[in-house]
Amino acid sequence: MQAETVHVDKLSEHVGEEVVLKGWLYNSRSSGKVQFLIFRDGTGLCQAVLEKTDDKVNLFNEVKHLGQESSLCVQGIVRQDERSVGGYELAVTDVQIVHKTEGYPITLKHHGPDFLMKHRHLHLRSQRQWAIARVRHTVVEAIRKYLNENDYILVDTPIFSPAAGEDKQSLFNVDYFGEEVALAQTGQLHVEAGCLSLGKVYCFGPTFRAEKSKTRRHLTEFWMVEPEVAYLDMEGLVELAEEFTCAIVEHTLKHRRAELELLGRDLSDLKKVQRPFYQLRYSEVIDLLHSQKIKDHLEAKLEVRRKQLAELEKNIEEWTAQQESVKKQWQKEKLAQQILEARDEAGDLREQIENIPYHMELAAAFEWGKDLGGSDETIISELHDKPVCVTHYPKEVKAFYMRLDRDDPRVVENLDVLASQGYGEIIGGSMREEDFDILLNRIKEFGLDPAAYEWYLDLRRYGSVPHGGFGLGVERTVAWITGIKHIRETIAYPRMMGKLYP
RNA sequence: UCCCCGAUAGCUCAAUUGGUAGAGCGAGCGGCUGUUAACCGCUAGGUUCGAGGUUCGAGCCCUCGUCGGGGAGCCA
């Protein structure tokens, strides 16, 4: 292999040249005297075409039996061809087999989530997962870029955590030289100390929550970025959350358009993510939940879902009937696949249809003082075509450190950002209580031991200032931006209840 | 912790309401010079999640358990 090694995503710069690609066999098709090797190298897919000419009979026969995911180096001449994935292909002159793979478990056909999660270490090689990983990388890049360019200083906060940030039930306990400590579920308390040193700071790391949640929005280990700013006020906090969210979406849209399109994301939704977001105070949310508008919305949604279900059921019937008459094998298979997907979707719809009346009741019966439920958040975000900032919750349902609103001490100056399209909460944050006496009182009200928070109280003893910040969940943000249904696909190795392998 | 659904070939699913366990993909072999999850032919592949029960007979019905999916609560 004498030619220069290049990557698939740079093939357009090498048309007419002989080059080497190093990677893996994604799929292959053979047609007697020509083989199509669908090849991947981490930067993209490329079709390599190998013809059975007299000088390449041995090579042809050797490559013919290569299994999916065999590793190989392919040498050939780059040419433009519309029929090929990516628009370029390689006319093969030589192949070096690095490793022959037999019986690769993940085929290009449909697999169930359990099987794929057990093979997560291999699943990462699939196209969709590849695209999601690249979007995630860019979301994280956007986060760091925004903060760094705006003069935030990174402060790494501890993962072994002596005191709870929030409530103790959702903590993972660890034996720390005989002492029971917890894995951090937020870096916020510690980052506040950094904030009073450096002004504008952030922490960014893994976060652990032992909540026994089995839903498409939850992980037990996830990544969170938490900016914290001194001399900030509530208005500034909202502005920061909005700017931050917009910067992430904009950067990702700019650099990962191809991946988002591959994932089937409707980009027009993302283009709408512009300041200002919708602003709702908690009390306004209650009015909204009790309003005729919500009732109408849910009734309309119910009607739409019923129609969609009827339509799907009709399609399933038609496709099932067609299966009998269709002769070609691949057509049968395609129909079978369509039917499976439609059934899945129909199941989803039935569940929604069943739940909507319940959600209507929940919304109508919502009383001041309760925390917003998942269904309430979904309804609110569905009613808006861009993210919604919900603020000023009752102090009882929020953490002890959140700053009491001086105009209405029943509520705190907090902020949740709900992503659009029903993706739920991606940001949660607040102004922090800067008054020593109020904070101490709040710690006691929550039944916490003030001794454990002595160092935190010091921050109010010595040079206390108004300050605030928030946490943004990386996985939920990636799920929203990519438009994928389940958060478990947004991280390479999802940790969920009962899931620890691989 | 609670509610709903599920477990059949390596994978994805069937099995006409309790009567001899099948198909496609994948694997192996062969055919085909432009395939797009290619196609065509042949071959191999099963303790129907586990334990118990009902029955002449259980993949199917009942009880318990294990694992998985979705949701409630809680949350990023």
Side-chain angles (χ1 to χ4, degrees), chain A residues 26-38 45 47 49-53 60 64-65 67-68 81-85 89 102-119 127 166-167 169-170 185-186 207 209-226 320 323 328-330 332-337 339-341 343-344 347-348 350-352 354-355 358-359 362 371-375 377 397 399 416-419 423-429 470-480 485-488 490 496-499:
Chain A
Y26 192 70
N27 190 24
S28 69
R29 291 178 274 271
S30 113
S31 184
K33 289 188 177 136
V34 60
Q35 285 182 63
F36 302 97
L37 310 174
I38 311 300
L45 285 182
Q47 175 167 277
V49 184
L50 177 56
E51 292 184 21
K52 192 177 186 177
T53 49
F60 190 90
K64 194 172 176 181
H65 294 287
Q68 197 188 339
D81 194 312
E82 286 173 6
R83 293 170 294 187
S84 215
V85 247
E89 64 179 23
E102 284 172 23
Y104 185 70
I106 301 177
T107 68
L108 296 177
K109 305 281 173 179
H110 182 256
H111 297 280
D114 188 33
F115 179 81
L116 290 175
M117 280 302 145
K118 281 182 175 144
H119 294 84
Q127 271 292 278
E166 287 154 36
D167 83 300
Q169 291 196 331
S170 59
Q185 56 173 350
T186 171
T207 300
R209 305 256 166 111
E211 291 151 7
K212 294 189 174 174
S213 308
K214 281 174 74 173
T215 80
R216 59 186 81 185
R217 306 188 299 281
H218 287 87
L219 296 170
T220 53
E221 177 182 319
F222 62 95
W223 286 69
M224 185 158 71
V225 59
E226 298 173 86
T320 309
Q323 263 187 316
K328 289 277 185 191
Q329 192 53 54
W330 68 270
K332 274 190 187 171
E333 212 182 301
K334 200 168 183 179
L335 282 169
Q337 188 55 41
I339 291 168
L340 276 184
E341 277 166 20
R343 274 190 206 160
D344 255 21
D348 255 22
R350 279 193 203 97
E351 187 155 6
Q352 284 192 41
E354 207 175 295
N355 283 338
Y358 177 58
H359 292 165
L362 281 181
D371 202 358
L372 292 176
S375 64
E377 286 183 358
V397 299
D416 282 356
V417 177
L418 309 181
Y423 274 87
E425 191 178 341
I426 54 168
I427 283 180
F470 57 79
L472 174 135
V474 169
E475 287 75 15
R476 283 191 184 174
T477 303
V478 173
W480 169 52
K485 277 190 186 162
H486 205 301
I487 196 170
R488 68 184 159 212
T490 62
M496 295 175 285
M497 222 177 56
K499 275 233 161 67

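Throughout, protein chains are lettered first and strands after them, A, B, ... in sequence-line order, and every chain is numbered starting at 1. What you see is a predicted model, and the numbers here were worked out from it, not measured in a lab.
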Spacing between [X] atom [atom1] and [N] atom [atom2], to the nearest angstrom:
| X | N | atom1 | atom2 | answer |
| --- | --- | --- | --- | --- |
| A:Trp223 | B:A76 | CH2 | C1' | 14 Å |
| A:Ile427 | B:C75 | CD1 | P | 17 Å |
| A:Phe36 | B:U33 | CZ | C1' | 7 Å |
| A:Leu108 | B:A38 | CG | P | 6 Å |

Closest-nucleotide mapping onto RNA chain B: is A:Ile38 or A:Gly471 further toward the 5' terminus? I mean the 5' end.
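The residue closer to the strand's 5' end, by nearest nucleotide, is A:Ile38.
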
Where do A:Thr490 and A:Glu475 land on the side chain to side chain donor-acceptor pair (under 3.5 Å) test, with the steps shown first?
CA-CA 6 Å; A:Thr490 62; A:Glu475 287 75 15; 5.3 Å; no

Polar atom pairs (N or O), protein with nucleotides 27-31 of chain B, under 3.5 Å:
from	atom 1	to	atom 2	distance (Å)
B:C29	OP2	A:His65	ND1	3.4

Sequence-distant partners of A:His359, ring pair (Phe, Tyr, Trp, His ring centres under 6.0 Å), two or more places apart:
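Ring pair (Phe, Tyr, Trp, His ring centres under 6.0 Å) check on A:His359 returns nothing, list empty.
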
Interatomic distance at [atom1], [N] relative to [M], whole Å:
| N | M | atom1 | result |
| --- | --- | --- | --- |
| B:A38 | B:A44 | C1' | 24 Å |
| B:U66 | B:G46 | P | 29 Å |
| B:A14 | B:A9 | P | 12 Å |
| B:U35 | B:G18 | P | 49 Å |
| B:A15 | B:U54 | P | 28 Å |
| B:G70 | B:U63 | P | 26 Å |
| B:G22 | B:C4 | P | 35 Å |
| B:U17 | B:C60 | C1' | 9 Å |

Letter by letter from the 5' end, nucleotides 67-73 of chain B scores (B base, S sugar-phosphate only, - none; protein heavy atoms under 4.0 Å) -SBSBBB

Let me confirm one number: the NE2-CD distance from A:His65 to A:Glu102, rounded to the nearest 0.5 Å.
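The NE2 atom of A:His65 sits 11.5 Å away from the CD atom of A:Glu102.
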
Rounded to the nearest 0.5 Å, how far apart are CD1 of A:Ile38 and OG of A:Ser84?
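It comes to 6.5 Å.
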
Suppose we screen for side-chain contact (heavy atoms from CB on, under 4.5 Å). Which residues come up paired with [X], at least two apart in sequence or across chains?
| X | value |
| --- | --- |
| A:Tyr104 | A:Gln68, A:Glu69, A:Thr101, A:Ile106, A:Leu122, A:Arg125 |
| A:Glu425 | A:Glu377, A:Asp416, A:Leu418, A:Arg476 |
| A:Met496 | A:Leu219, A:His486, A:Arg488, A:Pro494, A:Lys499 |
| A:Lys118 | A:Asp114 |

Quiz question: going by heavy-atom distance under 3.5 Å, is there a donor-acceptor pair between the base of [N] and the side chain of [X]?
| X | N | answer |
| --- | --- | --- |
| A:Gln47 | B:U35 | yes |
| A:Arg29 | B:C32 | no |
| A:Gln35 | B:G34 | no |

For [X] against [Y], the heavy-atom pair lying closest together:
| X | Y | answer |
| --- | --- | --- |
| A:Gly471 | A:Glu226 | CA-CG, 3.7 Å |
| A:His119 | A:Pro105 | CD2-CG, 3.8 Å |
| A:Asp371 | A:Val397 | N-CG1, 3.7 Å |
| A:Asp348 | A:Arg216 | OD1-NH2, 3.9 Å |
| A:Thr207 | A:Thr186 | CG2-N, 4.1 Å |

Hey, can you tell me if A:Phe115 and A:His111 have their rings parallel, tilted or perpendicular (30° and 60° cut-offs)?
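Ring orientation, 0 to 90° scale: parallel.
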
Who passes salt bridge (Lys or Arg N to Asp or Glu O under 4.0 Å) against A:Asp81, sequence neighbours left out?
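Salt bridge (Lys or Arg N to Asp or Glu O under 4.0 Å) check on A:Asp81 returns A:Arg83.
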
Report which part of the nucleic acid [X] touches: base, sugar-phosphate, or nothing (heavy-atom distance under 4.0 Å, all strands).
| X | answer |
| --- | --- |
| A:Ile106 | nothing |
| A:Gly473 | sugar-phosphate |
| A:Leu472 | nothing |
| A:Gln352 | nothing |

Provide a list of protein-nucleic acid N or O atom pairs under 3.5 angstrom, restricted to nucleotides 9-11 of chain B.
from	atom 1	to	atom 2	distance (Å)
B:C11	O2'	A:His111	ND1	2.5

Under a plain distance cut-off of 3.5 Å, with no hydrogens placed, do A:Ser170 and A:Gln185 share a side-chain donor-acceptor pair?
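Per modelled atom types, A:Gln185 and A:Ser170 side chains form a pair under 3.5 Å.
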
Could you pull out every donor-acceptor pair under 3.5 Å between side chains of residues 26-37 of chain A and any protein atom, sequence neighbours left out?
from	atom 1	to	atom 2	distance (Å)
A:Tyr26	OH	A:Gln127	N	3.3
A:Gln35	NE2	A:Phe60	O	2.9

Donor-acceptor pair, A:Thr215 side chain versus A:Arg217 backbone, under 3.5 Å?
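Indeed, once roles are kept as given, a pair shorter than 3.5 Å links the two residues.
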
Interface polar pairs with nucleotides 42-50 of chain B, N/O, under 3.5 angstrom:
none

For the side chain of A:Arg83, counting heavy atoms from C-beta on, which of B:C75, B:A76, B:U35 is nearest?
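Comparing B:C75, B:A76, B:U35 against the side chain of A:Arg83, the answer is B:U35.
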
Under 3.5 Å for both distances, Watson-Crick or G-U wobble, that's the pair rule; now give the dot-bracket for RNA chain B, with | marking pairs to another strand and [ ] for crossing ones.
(((((((..((((.....[..)))).(((((.......))))).....(((((..]....))))))))))))....

